[in-house]
Amino acid sequence: MANSNLPRRIIKETQRLLSEPAPGISASPSEENMRYFNVMVLGPSQSPYEGGVFKLELFLPEEYPMAPPKLGRICLDILKDKWSPALQIRTVLLSIQALLSAPNPDDPLSENVAKHWKSNEVEAVETAKEWTRLYATGA
Amino acid sequence: MDSDEEIHDVYDGDSAEDYYYSGGDSNMDGGDSIGGGEDEDDDAGYGYGYASDEGSEKTYTVLREDDIRQRQEESISHVSAVLSISRVAASILLCHYKWNVSQLHDQWFADEDRIRKSVGLLTKPVAMFSNANEMNCGICFDSYPRDQIQSAVCGHPYCITCWKGYITTSINDGPGCLLLRCPAPGCGAAVGHDMIHKLASDEDREKYSRYFVRSYIVDKKKTKWCPAPDCENAVEFELGSNVYDVKCLCSHAFCWNCTEEAHRPVDCSTVAKWILKNSAESENMNWILANSKPCPKCKRPIEKNQGCMHMSCTPPCKFEFCWLCLGAWSDHGERTGGFYACNRYEAAKQEGLYDESEKRREMAKNSLERYTHYYERWASNQTLEKLSDKLKEPESQLKFIIEAWQQIIECRRVLKWTYAYGYYLPEHETAKRQLFEYSQGEAEAALERLHQCAEKELLVFLGNDDGEVETQPDFETFRPKLAGLTRVTRSYFENLVRALENGLSEVDSQAASSTSVSSKNAGAKGKGGKAKSSSSRSSRTGTRNIDDVNHWNCERCTYANPESSTLCQMCRNPR
Ligand SMILES: [Zn+2]
Ligand SMILES: [Zn+2]
Ligand SMILES: [Zn+2]
Ligand SMILES: [Zn+2]
Ligand SMILES: [Zn+2]
Ligand SMILES: [Zn+2]
Ligand SMILES: [Zn+2]
């Protein structure tokens, strides 16, 4: 089935994700389909997301790594036109975590976010907290 | 519904107009301006002068693919010689500089290092080559003997299979492949076009070379692609002319200024308003989701894909904007810290407002297709061949049929735009409205007669199964009739176009006896109040059956005159 002819690259990436997980991030493949991962990213402390656990579903399409992993509704440049097959699942998850941390307005990773943050930090932080409360706790 | 409101807001606002209208000003500022155009003012988009002697002086040139390729070759040779770099490097640079040779020269000689860095033309490898016999591919993670590993100048090692996958993915992603870079994060070394040609499949190589040709005209100030689907020609425009209607060799007629289909007699801003109005009127998300839109910055059509409203135009433009409001993405409230859930889209989806791909196909029809249909059906050489066969007439003797159909197509287009004109004609300008409706009605009636003759009556000669074979009419009677109708219809529409482009100014000076046909007609029978002027629909069906009522048809021009008149109102031929 899908798991039997898994490319070596995916197997290697999975092994490394399990054996050396990045702090605050867990990614475990589903048993039925090794291309499907359940991901949890902790809201970084000192960030508006603190205390939240972001649950994400990550899927590696057939074309992976030529095509980026699919990650629900998340909009991240490296999941789109900035994707390179030399990037990995780990890189993607670290980027998400980085965005969740107190955004650094000069961080090119989140240029658009940064603009908003620069211009209206209070409102942005409030919105983020609200979203954390609504979507990322409890559920 | 929330999203509806937003859409209306957008379409009502001035911003929408600006966006269609600015004619690419936005990408003309800054250092990226493309030369060649000699910065003539770009705002000439308003006034259309009426080209009184049409066709006598073309204000544009159609460039075919071969013409473009030849120009590219010349530029590459030139840059390669002047900069003392390889042809491969020269063509990478030219792609980055949108084929603006002089700008490339200036910047290169001002700061070669900076240019090399920004386009990824390294002079030496940055990655350390180990001396091992086996190397690890950075994509599939497998190890390979040295000869199976390839790199760009930077030296980052990937196996041939992975390179091939990388290249084919990039080519299939669009013209961005022309600026392909090494996959290593942060590397940026340019991948040479020679390497791509070597590793790409035949099919991909073909695509790549198409993109290469097309890159020549992106963002060029005085040259634009013909917007007809599948047409590979470009049109080079004589800046300074203010008649924007151009006709490509493929027969597609479009406005060079806004690239909508040709839209005389209305101006570009009215067209933009009209299009937006109609789209806003389709009320739900369907229309918006179904269509591609021009990039707000470079005007290239961007097709929406998948759920996200965050659009990025294809390289080299890369403008990021919101699909819903066409505003810059950077102005949008991505306030969730990088997660943008595209709420409006999700909401619409949940409410079942669209069923993605299905409706998309259905909706993504544009008026172009209609004209193409006419053209293929009637105005094509095939029709001519078939007729020539049946009638044993040389094709050269049948040109009048093609001319009739070209006239019909052109008039249909003009007619369509007159509705936009009428919509924006102020209600209180009663006299103008009347003149407008009258002239429009007359022109439309003439067109209907021509259309009827060119279609129904022609069918008989074509021997179509559904054309009832009554008494076989005489082709020699048909010929002058159709030619006459073509001429008459052309003159009606020329008058209509001229009148509308003059802002219906005849109304202001109606007392003075005018020489223009349309005002004469208006004076003669405008008040007679033919009921048809009020509704175009009824006028359309009305003329179809015009023979049934009390009319007489002019011998000379076939115009249907009211019983009461003794002279033909069209050509003044006595009854
Ligand atoms: Zn490989
Ligand atoms: Zn590299
Ligand atoms: Zn064309
Ligand atoms: Zn226009
Ligand atoms: Zn663009
Ligand atoms: Zn998005
Ligand atoms: Zn007549």
Side-chain angles (χ1 to χ4, degrees), chain A residues 7-13 16 43 47-49 54 56 63 65-67 70-88 91 95-103 109-117 119-120 123-132 135-136, chain B residues 136-143 156-159 161-170 172-174 176 179-188 305-315 318 320-322 328-343 345-346 349:
Chain A
R8 262 164 61 89
R9 150 140 183 180
I10 296 183
I11 297 170
K12 284 188 182 171
E13 274 202 74
R16 187 154 167 250
S47 82
Y49 301 96
F54 287 84
L56 306 164
E63 305 80 38
M66 290 307 161
K70 292 205 188 311
L71 249 167
R73 300 176 302 177
I74 289 170
C75 192
L76 194 65
D77 60 355
I78 59 164
L79 292 177
K80 301 174 148 197
D81 54 330
K82 302 276 165 34
W83 173 254
S84 153
L87 296 170
Q88 303 180 23
T91 346
S95 301
I96 290 169
Q97 194 185 42
L99 279 175
L100 290 174
S101 308
L109 187 69
S110 53
E111 201 181 308
N112 294 322
V113 191
K115 275 190 192 131
H116 188 77
W117 229 275
S119 57
N120 196 347
E123 191 195 330
V125 170
E126 279 314 308
T127 316
K129 282 184 175 162
E130 177 69 6
W131 280 58
T132 306
Y135 302 115
Chain B
N136 271 331
C137 166
I139 291 175
C140 64
F141 299 174
D142 283 336
S143 88
H156 293 118
Y158 303 101
C159 75
T161 315
C162 286
W163 268 115
K164 285 184 173 171
Y166 184 60
I167 288 169
T168 188
T169 307
S170 157
N172 286 292
D173 271 357
L179 311 178
L180 191 65
R181 305 202 184 228
C182 164
C187 170
N305 55 4
Q306 297 171 353
C308 182
M309 292 298 163
H310 178 177
M311 308 305 296
S312 308
C313 185
T314 43
K318 295 186 182 167
E320 294 183 42
F321 62 99
C322 167
W329 188 255
S330 51
D331 298 338
H332 278 70
E334 240 191 5
R335 37 183 73 173
T336 57
F339 294 84
Y340 182 75
C342 305
N343 295 325
Y345 175 84
E346 290 301 325
K349 194 155 95 179

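If you're wondering where the values come from, they're calculated on a predicted model, not measured in any experiment. So that the names make sense, note that chain A is the first sequence line, chain B the second, and so on, each numbered from 1.
- Residue A/Pro85 touches chain B through both its backbone and its side chain, counting heavy-atom pairs closer than 4.5 Å.
- When the side-chain hydrogen bond (donor to acceptor under 3.5 Å, both in side chains) test is applied to B/Ser143, the partners found at least two apart in sequence or on another chain are B/Glu134.
- Between B/Cys162 atom SG and A/Arg9 atom CZ the span is 8.5 Å, to the nearest 0.5 Å.
- B/Tyr158 places a side-chain N or O within donor-acceptor distance of the main-chain N or O of B/Ala184, the cut-off being under 3.5 Å.
- Remark: B/Thr168 pairs with B/Asn172, B/Asp204 by the side-chain hydrogen bond (donor to acceptor under 3.5 Å, both in side chains) rule, at least two apart or across chains.
- Residue A/Glu63: no heavy atom, backbone or side chain, is found under 4.5 Å from chain B.
- For the options B/Asp173, B/Thr169, B/Ile139, heavy-atom pairs under 4.5 Å to chain A are most numerous at B/Ile139.
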